[in-house]
J.: 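Got a structure for you, questions after.
Each chain gets a letter, A, B and so on, in the order the sequences are listed, and its residues count up from 1.
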Amino acid sequence: GENVEQHPSTLSVQEGDSAVIKCTYSDSASNYFPWYKQELGKRPQLIIDIRSNVGEKKDQRIAVTLNKTAKHFSLHITETQPEDSAVYFCAAIPGGTSYGKLTFGQGTILTVHP
Amino acid sequence: KAGVTQTPRYLIKTRGQQVTLSCSPISGHRSVSWYQQTPGQGLQFLFEYFSETQRNKGNFPGRFSGRQFSNSRSEMNVSTLELGDSALYLCASSREFGQGEKLFFGSGTQLSVL
């Protein structure tokens, strides 16, 4: 089955800096890669996603890049703010599998210091 | 539109007991997935239901079961509880089953097994 590795496990940045979180996946047939943000005690929220026919997607300060050849994808957050502090999870879905059956990475605890 | 609603928010049980958790998907969503979240294992897929039928199942023992009703609401049951079942159980819904449908999570039920 699919396996997703996520790095780093913790990331600490100063407000205004950029943050990058990287994930690798094992199944070359994977075609959907969402990112979720989970604040303490709250639900995971979908913040951005990308499909395998696209190399990059941006939404304001957040962007995701996908390298299908290397089987890795990354989340980029620019101009970080204290409210970006949360746990971020990447996920992948093999082709032909329902999007309800996500395989998640282990998560990255992002801390943005004012 | 109301989000995914899970009840109860917190549960305390003792080993050997059984527990039932409830999930109401977003109005109009017909597919429901369940995940277990623990500090050690992260987010792991339990099962997915659509049209009152289990469509996908994760690698959990048979003590974990679920069902979906005709109104798309879902329940999951854990029998003969073990200490290791202590976790946050998250329900997520999507409009339809299959590829192309984004997954939205509830806030979860925090289960503690003593």
J.: Do you know the tightest heavy-atom contact between B:K102 and A:Y32?
T.: CG-OH, 3.9 Å

J.: Please flag which part of B:L46 lies under 4.5 Å from any non-hydrogen atom of chain A: side chain, backbone, both or neither.
T.: neither

J.: Below 4.5 Å, heavy-atom pairs only: which of A:A91, A:G100, A:G107, A:G1 has the largest tally toward chain B?
T.: A:G100

J.: Tell me whether A:Q60 at atom CD has more than 12 heavy atoms from other residues, nucleotides or ligands lying less than 6.0 Å away.
T.: no

J.: For atom CZ of A:R51, decide whether the heavy atoms of other residues, nucleotides or ligands shown that lie under 6.0 angstrom number more than 12.
T.: yes

J.: Does CG belonging to B:L83 count more than 12 external heavy atoms closer than 6.0 Å?
T.: yes

J.: Is the side chain of B:Y35 donor-acceptor paired with the backbone N or O of A:L102 at a distance under 3.5 Å, no angle test?
T.: yes

J.: Taking all non-hydrogen atoms of both residues into account, name the closest pair between B:G106 and A:P44 and its distance.
T.: O-CD, 4.1 Å

J.: Using distance alone, with no hydrogens and no angle criterion, decide if A:Q38 and B:Q37 have a side-chain donor and acceptor under 3.5 Å apart.
T.: yes

J.: Which atoms of B:L103 are under 4.5 Å from chain A, going by heavy atoms: the side chain, the backbone, both sets, or neither?
T.: both

J.: Do A:L66 and A:I62 share a hydrophobic cluster (ILVMFWY, side-chain heavy atoms under 4.5 Å, transitive)?
T.: yes

J.: Restricting to non-hydrogen atoms, name the atom on B:E48 and the atom on A:S98 that form the minimum distance, rounded to 0.1 Å.
T.: OE2-OG, 2.6 Å

J.: At what distance, to the nearest 0.5 angstrom, does CZ of B:F97 lie from NZ of A:K101?
T.: 9.5 Å

J.: State, with a plain yes or no, whether a side-chain heavy atom of B:F105 is found less than 4.5 Å away from one of A:K42.
T.: no

J.: State, to 0.1 Å, how close A:R43 and B:V4 come at their nearest heavy-atom pair, and which atoms those are.
T.: NH1-O, 3.5 Å

J.: Most heavy-atom pairs under 4.5 angstrom with chain B, which of A:T97, A:I93, A:L46?
T.: A:T97

